[in-house]
Amino acid sequence: MEKKRSNIIRTVLSLGVAAVLLWLSFRGVGWDDFAAGLRACRWEFVALSMLAAVVPFIARGVRWRMLIEPFDPSIKASDCVHACNVGNLVNLVLPRVGGIVRTGIISEHSVEGQDGRKKAPFDKVFGTMLIDRIWDGVFMGLMIVAFLAILWNRYGEFFLSRVLGPASSKLGLVWILLGLVAVLAVFLWLLWRYHDSNAFLGKVWGFFRGIGDGLASCLRMHHGWKFVAWTVVAWVFFWVAVQFIILSFRGVDTSGLHPEMAAGFAAIGNLSLLDGLFIMMVGVVSSLVPVPGGFGAYHYLIMITLQAMYGVPQDIGLLFATLSHESSTLVQLLLGGISYLKEAFSR
């Protein structure tokens with residue numbers, strides 16, 4: 001009961017944060033102009049962006065299977081792709097819960113070993129899911145650092161003060177993470193110290209050892225270069241998806257729009273490949289905010305980035321953010337729905 005209540009409170013708070021950020025983003029928007037802007041966009045490029053967005057979801061599932069393979073080679077790449085898609089679907093409503101859901105799906109697919117236990121039990125699969133997430137965070141962090149180191153004069157100050165600052169310091173995420181790490185360290189020490197003398201702590205210790213085995217799976221997987229290659233493929237296509245949204249603003253008929261909006265279309269349409277990469281990175285930082293599906297956080301950060309960096313009016317900045325975010329969300333809904341039906345009817 002307490003756990004259910006805690007989940008409800010967390011969900012309500014996340015929805016509240018999302019609602020506030022959406023309100024901050026869309027207040028003062030002229031909805032007639034917004035609708036006119038939607039009609040002016042080149043929707044064939046929005047469709048291409050959605051097709052490009054499919055690739056990362058497949059690549060991440062195939063990559064995850066490489067971490068699970070040392071435990072249970074019978075797990076198929078398609079199983080991992082479907083599990084990831086269902087997890088993404090859950091994350092649209094309950095942030096961070098999708099990882100647990102996809103872990104459970106793969107554990108259900110696992111076969112039994114000679115000892116009667118599943119070769120890939122929940123704890124080990126959970127460990128692989130954690131290392132999968134950690135790897136994405138490390139890879140993206142290194143890419144952001146390298147990007148800003150090379151192009152600091154153009155993007156550095158803005159990224160630190162206007163993007164990373166609002167996403168971290170205002171929400172106290174850094175201190176929260178440090179506190180959680182400290183609590184976890186103390187908890188693990190107590191488990192290690194007393195697991196032999198307490199049956200309950202012994203079971204918990206066994207579960208955490210399974211997670212540790214899953215985390216160590218990256219040391220046992222075959223052809224690690226393929227793992228890196230699939231990561232690069234995923235992020236490149238996220239970048240491609242953003243570029244197609246930029247192209248949807250290029251070469252359009254703006255005769256029906258007022259001059260300020262027409263200038264905003266031109267500013268976005270003239271963004272370079274590097275600008276598209278920077279915008280993608282800003283979108284990734286928005287995922288630090290614990291709101292369902294990035295709603296509100298993505299719109300707000302992208303809007304202030306386009307407004308402050310490129311002089312794009314608020315209405316057009318939000319139009320860009322809406323097209324980019326909602327087209328990707330629709331892809332998640334479609335893939336998640338298909339994968340959920342596949343899982344439901346295959347049992």
Side-chain angles (χ1 to χ4, degrees), residues 22 25-26 29 31-62 78 81-82 84-86 88-89 91-92 230 232-257 261-262 264-284 286-287 292-296 298-299 301-303 305-306 310 312 315-342:
L22 283 171
S25 302
F26 284 91
V29 169
W31 291 107
D32 290 339
D33 291 335
F34 191 86
L38 280 175
R39 290 192 296 270
C41 289
R42 300 179 65 180
W43 284 88
E44 66 272 22
F45 284 111
V46 177
L48 287 173
S49 176
M50 293 175 67
L51 286 176
V54 172
V55 176
F57 297 118
I58 296 174
R60 282 174 158 177
V62 174
S78 59
V81 172
H82 288 304
C84 287
N85 288 340
V86 175
N88 292 331
L89 187 65
N91 280 334
L92 291 176
W230 280 113
V232 172
V233 168
W235 287 109
V236 165
F237 274 87
F238 275 131
W239 182 14
V240 170
V242 172
Q243 285 302 140
F244 276 130
I245 296 297
I246 290 173
L247 289 176
S248 71
F249 284 74
R250 184 175 297 175
V252 303
D253 180 10
T254 57
S255 58
L257 304 177
M261 290 191 69
F265 263 79
I268 291 178
N270 288 328
L271 294 179
S272 66
L273 288 171
L274 284 177
D275 293 324
L277 181 58
F278 180 69
I279 290 169
M280 184 199 76
M281 292 177 180
V282 172
V284 170
S286 72
S287 65
F295 283 95
Y298 184 91
H299 300 77
L301 283 179
I302 294 297
M303 181 267 292
T305 297
L306 291 174
Y310 308 105
V312 176
D315 290 4
I316 301 301
L318 286 173
L319 177 61
F320 178 92
T322 300
L323 282 177
S324 179
H325 184 271
E326 271 53 71
S327 62
S328 177
T329 300
L330 182 57
V331 170
Q332 291 184 60
L333 286 170
L334 291 172
L335 294 179
I338 292 169
S339 295
Y340 176 80
L341 291 175
K342 182 268 175 187

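All residue numbers in this chain count up from 1 along the given sequence. The analysis underlying the following values was restricted to heavy atoms, covering all of them including side chains, and did not include hydrogens, waters or symmetry mates.
Taking all atoms of both residues into account, the shortest heavy-atom contact from Pro56 to Ala53 is CD-O, 3.2 Å. The heavy-atom pair separating Val312 from Gly317 by the smallest distance is CG1-N, 3.6 Å. Across all their heavy atoms, Trp235 and Arg60 have their closest contact at CZ2-NH2, 3.5 Å. Met280 and Trp239 make their closest contact through SD-N, 3.4 Å (heavy atoms, listed as atom of the first residue, atom of the second, distance). Minimum heavy-atom separation, Ala52 to Val240: CB-CG1, 3.9 Å. What you find for Ala59 and Val233 is that their closest heavy atoms are CB-CG1, 4.3 Å.
Side-chain contact between Ile246 and Phe320 is present, with heavy atoms from C-beta onward closer than 4.5 Å. In this structure the side chain of Phe244 never reaches within 4.5 angstrom of the side chain of Leu323, judged on heavy atoms. The shortest side-chain heavy-atom distance between Ser324 and Ile279 does not fall under the 4.5 Å cut-off.
Separation of atoms CG (Leu333) and OH (Tyr340) is listed at 14.5 Å; rounding is to 0.5 Å. To the nearest 0.5 Å, atom CG of residue Leu48 and atom CZ of residue Arg42 are 10.0 Å apart. How far CD1 of Ile245 is from OG of Ser327: 4.0 Å, rounded to the nearest 0.5 Å. How far OG1 of Thr329 is from CG of Leu89: 11.0 Å, rounded to the nearest 0.5 Å. Interatomic distance, Cys84 SG to Leu335 CG, rounded to the nearest 0.5 Å: 11.5 Å. Once rounded to the nearest 0.5 Å, the distance linking CD1 of Ile316 with CE of Met303 reads 13.0 Å.
Without hydrogens or angle criteria, Ser49 side chain to Phe45 main chain gives no donor-acceptor distance under 3.5 Å.
Residues passing the side-chain hydrogen bond (donor to acceptor under 3.5 Å, both in side chains) test with Ser339, sequence neighbours excluded: His82, Asn85.
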For residues 265-274, please give each side-chain donor-acceptor pair under 3.5 Å, one per line with the distance, not counting sequence neighbours.
| unit_1 | atom_1 | unit_2 | atom_2 | d |
| --- | --- | --- | --- | --- |
| Asn270 | ND2 | Ala266 | O | 3.0 |
| Ser272 | OG | Leu274 | N | 3.4 |
| Ser272 | OG | Asp275 | N | 3.2 |
| Ser272 | OG | Asp275 | OD2 | 3.1 |

